[in-house]
2 protein chains.
Amino acid sequence: MTATLQRRPAAGNKLDHILSCATRIFCEKGYEGASIRDLSRRSGVSLAGLYYYFESKEELLYLIQKHCFTTLLARLEEELGSAPRDPEARLRLLIRNHLGYFLQNPEAMKVLAHEADSLTPPYARQVADIKRSYYRICRSILDDLKRQRKLRRLNTRLAVMSLYGMMNWIYTWYKPRLDPDADALADHMSDLFLGGILAGASGSARWPRSRNGRRRALAA
Amino acid sequence: MTATLQRRPAAGNKLDHILSCATRIFCEKGYEGASIRDLSRRSGVSLAGLYYYFESKEELLYLIQKHCFTTLLARLEEELGSAPRDPEARLRLLIRNHLGYFLQNPEAMKVLAHEADSLTPPYARQVADIKRSYYRICRSILDDLKRQRKLRRLNTRLAVMSLYGMMNWIYTWYKPRLDPDADALADHMSDLFLGGILAGASGSARWPRSRNGRRRALAA
DNA sequence: GTTGGGATAGAACGAACGTTCGATAGCCTG
DNA sequence: CAGGCTATCGAACGTTCGTTCTATCCCAAC
């Protein structure tokens, strides 16, 4: 269950190669649909030889997810450390960081987003912990923004989830030759999200709601 | 490849039962991870008996996806038929329709969103056609809105994808006891999205963009 | 030059997979 | 009651799966 990375110091390069092949295969065929034999063919390592580097197929997915989320989180924390205190600026930075990493590693991105609950408890917990940290940073920025701008009616949980939905769904439609690059996309989504948060969720609604009378509770 | 539904007129009930069991199983274990033996156990039909009702596991997924997307699209077209011409109202209606159906059929929703490209060409094409119709309705509403409000800088493709991302990601986080119901959620996302579109994408930017100077093209 | 362990692979294991075969009920029609 | 059609099943087929067993190779240390 512990990371294979530490066990065999000299083997880092080859494990990295295997992990990158595995990422590509999981991306193409999904975790369940991918086979160790696929990985053997793609990586050039024999079927049995692979098991020198990891203990099971599931550990493979775990190592990929853990590495990516850890990197994503570390980059964000580093950037936020030397960033202004203004919540809007920090949120823009988070979005930029997220999309920057995702569009730079599109295959890993799909594996993170698509195989989010393919891991079983022993592995799943550790990944979930990192994800929770990442999620909480966004939520606390939004709580700050809510206080600063007095957005009484803002449900920050819904807002966070909506934002992550926008961002994580990208792997299903993004075409590098057709769509804007990561920075432009980050600006687009930042504007969309912040515009919506700041315009719609403050005091009175600026735009009419649904035409029928079913106005349920919107507040947090 | 043609729908099994028409071949055996009297068998509708049992096929429906099988499809609903299959939906639940695909939802729980994913398409690849689910086995026909799981379906046999859950539905109470013998392994061989199942194949009287469909031709392959893939046709099963196809039947589920086709039925759901067709229903979703039909409902939307019916509602839009007797709706006002105002693009904003029509967009709110689309969001309400989408979330209403999704939260009423959460297992099917996950199968639609998560197994979006588990089908291979013969089946995949037919589902893709229906999805394209559905997507185009949203896009044309947004094009109308863009014209009406003179939103020169709005990239409607990105906007549509962002909106669908927000909505389709719900299956990963929605908790019925914790989160607002479908109508309230639809209002929330409508406000967020419309607020963002109308505030951020018109003439000059109302809020500052990223702190560094990399201001790439945001326009369509 | 022997030795010992890290690194590798061929072959096999048992289990599970999607699918099919052949048989058997039940039932309507003639 | 004979014949055919619908609906169903137990058993099996051939394949692929994740994983492991065992043997080998290479190279540094003694």
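Proteins get letters first, then strands, A, B, ... in listed order; numbering begins at 1 in each. What you see below is based on every heavy atom in this structure, not just the backbone, and it leaves out hydrogens, waters and symmetry mates.
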Exercise. Among dA9(C), dG18(C), dC9(D), find the nucleotide with the atom closest to the side chain of Val45(A).
Key: dA9(C)
Quiz item: Which of these, Tyr31(A), Phe54(A), Tyr62(A), sits in a ring-ring contact (aromatic ring centres under 6.0 Å, His included) with Tyr123(A)?
Solution: Tyr62(A)
Quiz item: Separation of Tyr53(A) atom OH from dT8(C) atom C1', in whole Å?
Solution: 8 Å
Exercise. Rounded to the nearest angstrom, tell me the gap between atom NZ in Lys57(A) and atom C1' in dA16(C).
Key: 13 Å
Quiz prompt | Position toward the 5' end of DNA chain D (nearest nucleotide), Gly33(A) or Gly49(A) | solution = Gly33(A)
Quiz item: Can you name the closest pair of heavy atoms from Asn168(A) and Ala113(A) and give their distance?
Solution: O-CB, 4.1 Å
Exercise. Test His98(B) against every option in Tyr164(B), Phe69(B), Tyr135(B) by the ring-ring contact (aromatic ring centres under 6.0 Å, His included) rule and name the one that passes.
Key: Tyr164(B)
Quiz item: Parallel, tilted or perpendicular: which describes the rings of His114(B) and Tyr171(B), with under 30° parallel and over 60° perpendicular?
Solution: perpendicular
Practice problem: Grab the CD1-P distance between Ile36(A) and dT15(D) for me, whole Å please. | Solution: 22 Å
Quiz item: Roughly how far, to the nearest 0.5 Å, is the CE atom of Met109(A) from the OH atom of Tyr174(A)?
Solution: 9.0 Å
Quiz item: Can you tell which of dC17(C), dT8(C), dC17(D) lies closest to the side chain of Tyr52(A)?
Solution: dT8(C)
Quiz item: From dT19(D), dG10(D), dG10(C), pick the nucleotide closest to the side chain of Ser46(A)?
Solution: dG10(C)
Quiz item: Atom OH of Tyr51(B) and atom P of dT19(C): how far apart are they, to the nearest Å?
Solution: 4 Å
Practice problem: Please state how far atom CG in Leu39(A) lies from atom P in dT16(D), giving the value in whole angstrom units. | Solution: 18 Å
Exercise. Let me know the distance between NZ of Lys14(A) and C1' of dG6(C), rounded to the nearest Å.
Key: 12 Å
Quiz item: Taking only N and O in the side chain of Ser35(A), is any of them less than 4.0 Å away from OP1 or OP2 of dC17(D)?
Solution: yes
Quiz item: Asp38(A) has an atom CG; how far is it from atom P of dT19(D), in whole Å?
Solution: 14 Å
Practice problem: Check the distance between dG18(C)'s P and Glu32(B)'s CD and give it to me in whole angstrom. | Solution: 9 Å
Exercise. Choose from dC21(C), dA9(C), dA7(D) the nucleotide whose nearest atom is closest to any side-chain atom of Ala48(A).
Key: dA9(C)
